[in-house]
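The structure appears below as structure tokens.
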Amino acid sequence: MAELRLYNTLTRRVEPFVPRTPGRATMYTCGPTVYDYTHIGHLRPALVSDVLARWLRRLGYSVLYISNFTDIDDRIIERAQREGVGYRDVAERYIADYLENMRVLGIDQVDRYVRATDHIPQIIRMIEALVERGFAYPLDGDVYFDVTRDPDYGKLSGRSLDQMMAGARVKVDERKRNPMDFALWKAAKPGEPAWPSPWGPGRPGWHIECSAMTLEYLGSGLDIHAGGDDLIFPHHENEIAQSECFTGEAPFARYWLHNAMVQINEEKMSKSLGNIVALRDLVRRYPAPVLRMFILSTHYRKPLNYSEEALEEARRAWERLANAREAVAAALRAAPPAGGPQGAAGAPDGAAPQPAAQGAEELARAAEEARAAFAAAMNEDLNTPLALAALFDLARAANSALVAPGARGASPEALRAALAAFDELGGVLGLWTGATAAPARDGIADRLVEILVRLRSEARAARDWSLADRIRDDLASVGVVLEDLPQGTRWKWQA
RNA sequence: GGCGACGUAGCCAAGUGGCAAGGCAGGGGUCUGCAAAACCCUUAUUCGGCGGUUCGAAUCCGCCCGUCGCCUCCA
């Protein structure tokens with residue numbers, strides 16, 4: 001199998017993934033600052049990392065994946081003061097919102113979520129060491145990192161200190177040694193949450209918590225550090241500077257992965273622009289796989305424009321895959337035991353050596369080709385749009401086999417191979433989480449639908465088309481879709 | 001002003017030197033009581049524009065046009 005290759009922001013190239021320790025992969029993905037509801041922009045890095053972790057695990061890596069919440073920050077404090085509640089209340093509220101959205105979306109690869117405020121001692125120790133070694137300096141209760149002490153400063157974002165100074169558009173704090181020095185520790189103003197420190201009561205600066213937590217759990221030289229590309233500068237640049245100066249080792253992280261922004265009306269979606277689409281609203285309107293499909297339909301390093309039309313298109317595209325998968329599963333359920341043990345759907349190795357029909361061989365081969373194409377796409381910098389194309393090709397092959405003349409297109413063996421490919425490949429992308437095209441197995445609503453479907457079948461048998469159509473239309477109005485097949489009527493809930 | 005990314009059919013989107021994947025939408029056909037789903041055929045002589053390199057470029061180089069992002073909190 002071809003090796004995994006990833007685009008590394010640090011080198012600006014796609015390069016082979018060679019982990020620090022063979023067979024093991026460590027990941028850290030920057031999570032949100034929790035001061036407002038999670039929006040679709042936050043979903044992209046979380047989902048890309050989720051799929052990356054799934055793929056690494058499928059490739060056989062032992063993965064340790066950490067993500068974080070920045071739960072102390074100026075905006076959290078502002079919000080808490082505005083609402084008259086504690087900063088912790090604000091953070092907890094939005095952490096809960098984030099986690100609930102991740103749960104619904106099947107984003108479940110993170111081994112451990114960590115919080116800045118749970119690592120204050122580590123952060124303080126790190127700052128102390130940086131001060132002792134002359135990389136940082138206290139100033140009126142703050143502590144700043146001296147960027148001129150890091151000769152490599154700017155290597156991630158590809159800019160030099162000179163350029164930054166020249167292009168600086170911010171009014172500089174005159175007290176700092178250099179305009180680009182950034183805060184490691186911020187002194188508390190009266191009434192603000194604070195932790196005791198050698199420099200007086202205060203709180204961590206924005207970047208230090210990620211360095212402290214990354215080093216705490218994954219150590220220096222971790223494999224993959226990911227996040228949105230708006231974090232390249234200053235957040236990740238500063239993480240690198242403070243971490244490498246602290247440990248004396250480089251690289252702090254071997255591969256830096258950055259996803260492009262989610263846009264809306266060709267403009268970045270962000271809280272400051274006030275154009276966010278909250279996930280909590282979106283997940284009520286679209287099944288998880290559709291939302292995953294929407295994100296994964298564009299390569300992670302290209303901007304993704306959000307629109308209702310794009311979401312509807314993703315819904316239809318996903319339905320095509322789900323329909324094909326369900327058709328294969330249904331055919332397998334209806335298939336004769338075929339000499340294999342118990343021959344039920346999903347029965348392992350029912351390898352009865354029977355001469356496969358021509359079409360069946362084609363389907364089995366299509367399943368193999370889908371696996372190969374999918375793997376090749378994923379290995380080439382997580383090319384999920386191309387990986388999806390492999391699934392669409394499989395869907396066409398499966399559908400064709402199922403309508404082949406004489407029904408000779410699909411042996412149980414071939415069907416099992418196709419279903420396994422659908423499940424495994426689609427599973428890497430999380431396309432079968434939550435809602436499926438298959439009717440649920442229980443629930444009073446389902447049973448009532450089944451009663452109506454049976455009544456309609458009787459009406460059809462009696463050639464009472466007006467009654468049959470009325471039942472179908474009425475069911476459609478409550479979200480039930482009917483399909484009359486030669487074998488009988490199939491129904492499902494509208495995705 | 002500095003740094004960077006991108007510009008492929010009606011729309012979305014792969015493809016980074018050898019005759020332009022896939023999806024959605026559209027058109028024609030098959031199947032169906034009708035519909036849905038599905039299948040078959042069809043929809044870019046052309047890849048923002050202009051030059052250049054090459055036997056050959058969407059793919060490499062230069063310039064131009066356009067869009068977006070970062071440089072300040074941001075996934």
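Sequence lines set the chain letters: A, B, ... in the order given, protein chains first and strands last, and positions in each chain run from 1. Here the structure is a predicted model, which is why all the values come from computation and not from measurement.
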Grab the N/O contacts between the protein and nucleotides 16-19 of chain B below 3.5 Å, and write none if there aren't any.
none

Report yes or no: is the cationic atom of A:R79 (NZ for Lys, CZ for Arg) closer than 6.0 Å to the six-membered ring centre of A:Y35, at no more than 45° off its axis? no
Does NZ or CZ of A:R460 lie under 6.0 Å from the centre of the six-membered ring of A:W465, at an angle within 45° of the ring axis? no
Over 60° means perpendicular and under 30° means parallel, so tell me whether A:F233 and A:Y153 are parallel, tilted or perpendicular. perpendicular
Students often mix this up, so state it plainly: with edges at 30° and 60°, are the rings of A:H207 and A:H235 parallel, tilted or perpendicular? tilted
In whole angstroms, how far is the P atom of B:U72 from the CG atom of A:D181? 13 Å
Would you kindly say whether A:Y300 and A:D381 are connected by a side-chain donor-acceptor distance under 3.5 Å? yes
Any protein N or O atoms within reach of nucleotides 3-7 of chain B? Criterion: under 3.5 Å, listing atom names and distances.
none

By the salt bridge (charged side-chain N to carboxylate O under 4.0 Å, His left out) test, which pairs, at least two apart or in different chains, include something from residues 288-299 of chain A? A:D50-A:R292
Sugar-phosphate means primed atoms, P, OP1 and OP2; the rest is base. With that split, encode nucleotides 27-36 of chain B 5' to 3' as B, S or - using protein heavy atoms under 4.0 Å. ------BBBB
Identify the nucleotide, in any strand shown, that forms a Watson-Crick or G-U wobble pair with [N], with both distances under 3.5 Å; if there is none, say none.
N: B:A21; answer: none
N: B:G7; answer: B:C65
N: B:G33; answer: none
N: B:A57; answer: none

Measuring from atom CG of A:L218 to atom CE of A:M27, what distance do you get when rounded to the nearest 0.5 angstrom? 10.0 Å
Salt bridge present between A:R472 and A:D469 (N-O < 4.0 angstrom): yes
Using a strict 4.0 Å threshold on nitrogen-to-oxygen distance, state whether A:R203 and A:D73 make a salt bridge. no
Checking side chain to side chain contact (heavy atoms under 4.5 Å, CB included) against A:C210, which of A:N238, A:N68, A:L231 comes through? A:N68
Using modelled atom types and a 3.5 Å cut-off, is there a donor and acceptor pairing between side-chain atoms of A:R280 and backbone atoms of A:Y37? no
Roughly how far apart, to the nearest Å, are B:C6 and B:A13 at atom P? 14 Å
Quick check on A:R12: does its CZ atom have over 12 non-hydrogen neighbours (other residues, nucleotides or ligands) under 6.0 Å away? yes
Polar pairs (N or O, both sides) under 3.5 Å between protein and nucleotides 21-24 of chain B?
from	atom 1	to	atom 2	distance (Å)
B:G23	OP1	A:R396	NH2	2.9
B:G23	N2	A:E313	OE1	3.3
B:G23	N2	A:E313	OE2	2.5
B:C24	O3'	A:R316	NE	3.2
B:C24	O2'	A:R316	NH2	3.3

Can you list the residues that meet the salt bridge (charged side-chain N to carboxylate O under 4.0 Å, His left out) rule with A:D474, with sequence neighbours excluded? none
Touch class at under 4.0 angstrom, heavy-atom based, for A:H299 against every strand present: sugar-phosphate
